[in-house]
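Single-structure report; data block below.
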Protein chains: 2
Amino acid sequence: MKKDTLLSISEKTGFSISTVSRVLSGKGPQYRICQKTIDYITEVAQSCNYMPNLIAQSLRTNKTNTIGLTVPNIDNPFFSTLAAVIINQTKRLGYNILLTDTMENEENEVQAINSYVSRSVDGIIAVPVGSAPDYLETVARNIPLILIDRYFDNTSLPYVCTDNYSGGYMAAEHLVNKGYRNLMAIQGVPTSMPNKERHRGFAQAVADYAERGVRARVAGDSFSVDNGYREAVAALTSEDKPDAIFVFSTTILLGVIKAAKELQLRIPEDVAVISFDNNRFLDYIDPAITRVEQPVNTIGKLATDNIVRMIEKGDDKAIITPQILVRPALIEGRSC
Amino acid sequence: MKKDTLLSISEKTGFSISTVSRVLSGKGPQYRICQKTIDYITEVAQSCNYMPNLIAQSLRTNKTNTIGLTVPNIDNPFFSTLAAVIINQTKRLGYNILLTDTMENEENEVQAINSYVSRSVDGIIAVPVGSAPDYLETVARNIPLILIDRYFDNTSLPYVCTDNYSGGYMAAEHLVNKGYRNLMAIQGVPTSMPNKERHRGFAQAVADYAERGVRARVAGDSFSVDNGYREAVAALTSEDKPDAIFVFSTTILLGVIKAAKELQLRIPEDVAVISFDNNRFLDYIDPAITRVEQPVNTIGKLATDNIVRMIEKGDDKAIITPQILVRPALIEGRSC
DNA sequence: TCCGTTTGCGCAATCGTTTGCGCTTTATAT
DNA sequence: ATATAAAGCGCAAACGATTGCGCAAACGGA
C-alpha cells in the first residue's frame, strides 16, 4: 500500500504529471484544462485518497506553511495561553506551528531558530530570551520575524507586547486610589524588559503621587515563588511594614500569600496585594486577587495576523515592521 | 546573500557535490575521503555558515526528525504541562514538535493528523478526541503512533495513560478512610474514557466499602466550572446532603468551591472535597485541596521514549505496541 | 611490464512537486 | 482555402540533498 503520488495518478489516468498537478492544485481552469479531464482526474485522486507530499511541495515552492514559535517556558500559564491563541489563530490562516520551549536559555533559542531556518519556516514568532538583538536581526533579514512579550529598544525588529509601563503605573495608581501610601514592589528578573518597564511605570506613578505622601520600595530578583516569599517575609516583619504590595508575577504572588499566611497577616486588612497576569485560579484564592491582566488574546492575534501579512507581502519594498504595545487591563478582586 | 547549498560549496572548494555531502554529513571517513579534503571542506562550509536544507534532506531520506502532537486544549494546564514534557523530551532526542490544538473536535484531529502525514512526520503522539479508533488505526499502519491520556479498549493501538480506575478508587478510599460515608462524585463527560474509568474505580471502592455503610451518588456531565457549580448547589441543598465530594477535574472543583462559598459551607467541616489533577494553585486555595495527581512527567517521558523507539526500530517485524497505565498519586491538602 | 588492489572521488539517478515554454489540434476569421 | 488564434496538454528543468556504482590514479607484487 504505497502512497500515491502525482506520478502514480498520472499513470492511472493516462494524463501527464503536469496536468495532474495542475488539476489537483486547482489550477486546471487557469491552464485551460477541459472540465471533463478535471473531473476525471479529481475523481481518481479522491478515490485513491491522494495527499500531496508537502515536503516535495515545499522544496519546489519554498513555502512550508509553517511558522516557528519559541516560548521561554510553555509550562507557564501565560505562555501556554499565548501559544494556544497563536496556534489556533495560525491554523485558521492555514499555518502549522513548530513549537520550541527555550527554557529561558539563549543557546536553546539560537538552536531552535536555526532549526527553523533550516526547515524553511515561512515566519517566526519568538519570545526572545537574550539581551542582544543581533542574531535575531540577521535572521529577520531573510525570514519574517516578530517578537512577542519582550522586545529590544535599540532595534527595528517588529514586536507585539504588553505595555508593561502602563501596567506598572496602573497597579501603583490603583493602590494609591485605594488609600495605600507605603507601597512595595516585588519584582522578577530586573534585567528583563517587561520587568524594567513595570518597574518604571510603578516608579513613575509613585513619583507622580509623592505629594499625597506616597512612597515605595522595590525588592526581589526572580519570577519565583521563593523570591516572593523571602521578600515578603523580610518586608512584612521589618520596622517599616508596607501596607500594599505589587507583585510582578503570579509566582511571586504565591510566595507572598504563603508569607502572609505564615505571619498571620490578613489580605487586604493587614496588607493589600495586587498582582500581574491573569489566571482563573486567582478568583478562587481567598481573597480573590486584584491583578493587571496582560492582553494575551490581543497579543496573540496581532502577532499572527502581522506575521502572516509579512509572509504574504513577499518581497515588497514596503517592509512592515509593526511595533505594537497593547494596554493591559485591571481586574478587581478583593485583595486591595 | 543567497543561502549556501552543497552546490555552492562544491563550487567554492572544487570538489563534487557528492564529496561535499559526504564530508558534511560526517561520512567522510566511511567513504575514504582523505583528511585534508575533509578538513578543507569543513572549514569552507563553516566559514560560509552552511546549513543543510532540511526540506531537501527530508525529501530524499524520508526522515523529517519531526513528531506531530495533538492535544484537545493546550490552554488546559494538564495538557500544557504534558506538552511541555513531550517537547523537551523529544528535543533532547533530536526531534521537533508540530503542535495542534484539536479543541476536542474530531474533525480537527483528522485534519491535523492528515497534515502530519502529508508532512511526513516520523511519528505521532495524540490525545484522541474521537470515539472510534478506525482512522487512527489506518494511520498507525504507516506511521508510528502512540496515544496518550486516552485510549480505546477495543484496539491494539499503543498508549500511555493514567490508570484512572486506580485514581477513582484511591479517591473514594481516601474519603472512606477519613470517615466520610455519604459520598458524591461530580463527573465530566461521561463518555470519555478517563471519565468512565474514574467512575468505575470510584464505584468499585464504594461497593467494596459498602459494608461500612458507604454509599454514593454520581452526577454531572462536563468538565466545566459551571457543571461543578450546578451539581454542587443541587446536592448541597438537597435533603440528603453528601458529606464528601469527589470532583473529576480542577474546573469542576472550582465550581464546587464557588457553590460552597455561596452556601456558606466550610470545607472540609461541612463538606469534604477531593479533586483530580495537580496544579500549583491548589496549594494556595483555602484550604489546600487534596487531589489525585496524574503522573504527567512519566506519561510524557514514556510516550516520547516509546515513539522514538518505534521510529528508530524501522520496519522490524517486532512491532512494539506498548500499552501502559501509570498509577496516579495522592497529594494531601486539608480539604478532607 | 602487467595486473590486481586500494584509495579517492565523481556521475547521475532519485525523492515528489511545480511551472515556463512549446507542441499539437481544433476553432475562428478572412 | 489559408492564416491566425485559442484550447488542451506534455517535456523537461528545476528545488537541494543522498547514494549506488564506477572510474582513474597510485601502488605493490610477481
Side-chain angles (χ1 to χ4, degrees), chain A residues 2-42 44-45 48-66 115 117-122 142, chain B residues 2-42 44-45 48-66 115 117-122 142:
Chain A
K2 297 292 298 173
K3 292 228 286 198
D4 276 290
T5 68
L6 285 189
L7 176 62
S8 75
I9 297 196
S10 97
E11 281 165 351
K12 284 181 192 170
T13 58
F15 287 95
S16 76
I17 295 186
S18 335
T19 303
V20 176
S21 166
R22 297 199 251 248
V23 168
L24 296 183
S25 55
K27 295 180 188 157
Q30 189 182 134
Y31 280 89
R32 304 165 310 187
I33 296 182
C34 89
Q35 196 56 42
K36 240 167 52 187
T37 310
I38 293 185
D39 292 344
Y40 176 48
I41 294 183
T42 309
V44 172
C48 59
N49 224 295
Y50 168 76
M51 293 173 64
N53 180 324
L54 294 187
I55 300 280
Q57 214 165 55
S58 297
L59 177 61
R60 183 58 235 253
T61 61
N62 208 27
K63 179 95 165 59
T64 53
N65 289 300
T66 298
S115 148
V117 173
S118 274
R119 295 189 127 81
S120 308
V121 295
D122 295 333
N142 298 309
Chain B
K2 297 292 297 175
K3 291 227 286 200
D4 277 290
T5 67
L6 285 191
L7 176 62
S8 75
I9 297 196
S10 98
E11 281 164 351
K12 284 181 193 170
T13 58
F15 287 95
S16 78
I17 295 187
S18 336
T19 303
V20 176
S21 165
R22 296 199 253 248
V23 167
L24 295 182
S25 55
K27 295 179 188 157
Q30 190 182 133
Y31 280 89
R32 303 166 311 188
I33 296 183
C34 89
Q35 196 56 43
K36 238 164 60 185
T37 311
I38 294 184
D39 292 345
Y40 177 47
I41 294 183
T42 309
V44 172
C48 59
N49 224 295
Y50 169 76
M51 294 174 62
N53 180 324
L54 295 187
I55 301 280
Q57 213 165 56
S58 297
L59 178 61
R60 184 59 234 257
T61 61
N62 210 28
K63 179 94 166 58
T64 53
N65 289 301
T66 298
S115 148
V117 173
S118 275
R119 294 188 127 82
S120 308
V121 295
D122 295 332
N142 298 309

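Just so it is clear: chains get the letters A, B, ... in the order the sequence lines come, proteins before strands, and each one is counted from 1.
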Donor-acceptor under 3.5 Å (Ser21(A) side chain, Ile17(A) main chain) = no
Rounded to the nearest 0.5 Å, how far does OG of Ser120(B) lie from CE of Met51(A)?
-> 9.5 Å
For residues Ser10(B) and Ser16(B), report the shortest heavy-atom separation together with the two atoms involved.
-> CB-C, 3.8 Å
Measure the shortest side-chain to side-chain distance between Lys12(B) and Val20(B) over non-hydrogen atoms and say whether it is less than 4.5 angstrom.
-> no
Report the distance from atom CD of Gln30(A) to atom C1' of dG8(D), rounded to the nearest whole Å.
-> 14 Å
Give the rounded distance in Å between these two atoms: CD1 of Ile38(B) and P of dT7(C).
-> 14 Å
Quick one, give me the B/S/- string for nucleotides 9-16 of chain D, reading 5' to 3', where B means a protein heavy atom under 4.0 Å from the base and S means that only happens at the primed atoms, P, OP1 or OP2.
-> BBBBBBBB
Testing Leu54(B), Leu59(B), Ile55(B) for side-chain contact (heavy atoms from CB on, under 4.5 Å) with Gln57(B), which one passes?
-> Leu54(B)
Could you state the atom-to-atom distance from NZ of Lys63(B) to P of dT14(C) in whole Å?
-> 25 Å
Grab the N/O contacts between the protein and nucleotides 26-28 of chain D below 3.5 Å, and write none if there aren't any.
none

Ile33(A) and Ile41(A): CA distance, side-chain angles, deciding distance, side-chain contact (heavy atoms from CB on, under 4.5 Å) verdict = CA-CA 11 Å; Ile33(A) 296 182; Ile41(A) 294 183; 5.9 Å; no
Work out which heavy atom in Ser118(B) is nearest to a heavy atom in Pro52(A); give both atom names and the distance.
-> OG-O, 3.3 Å
Correct closest heavy-atom pair for Tyr50(A) and Leu6(A) would be OH-CD2, 3.5 Å
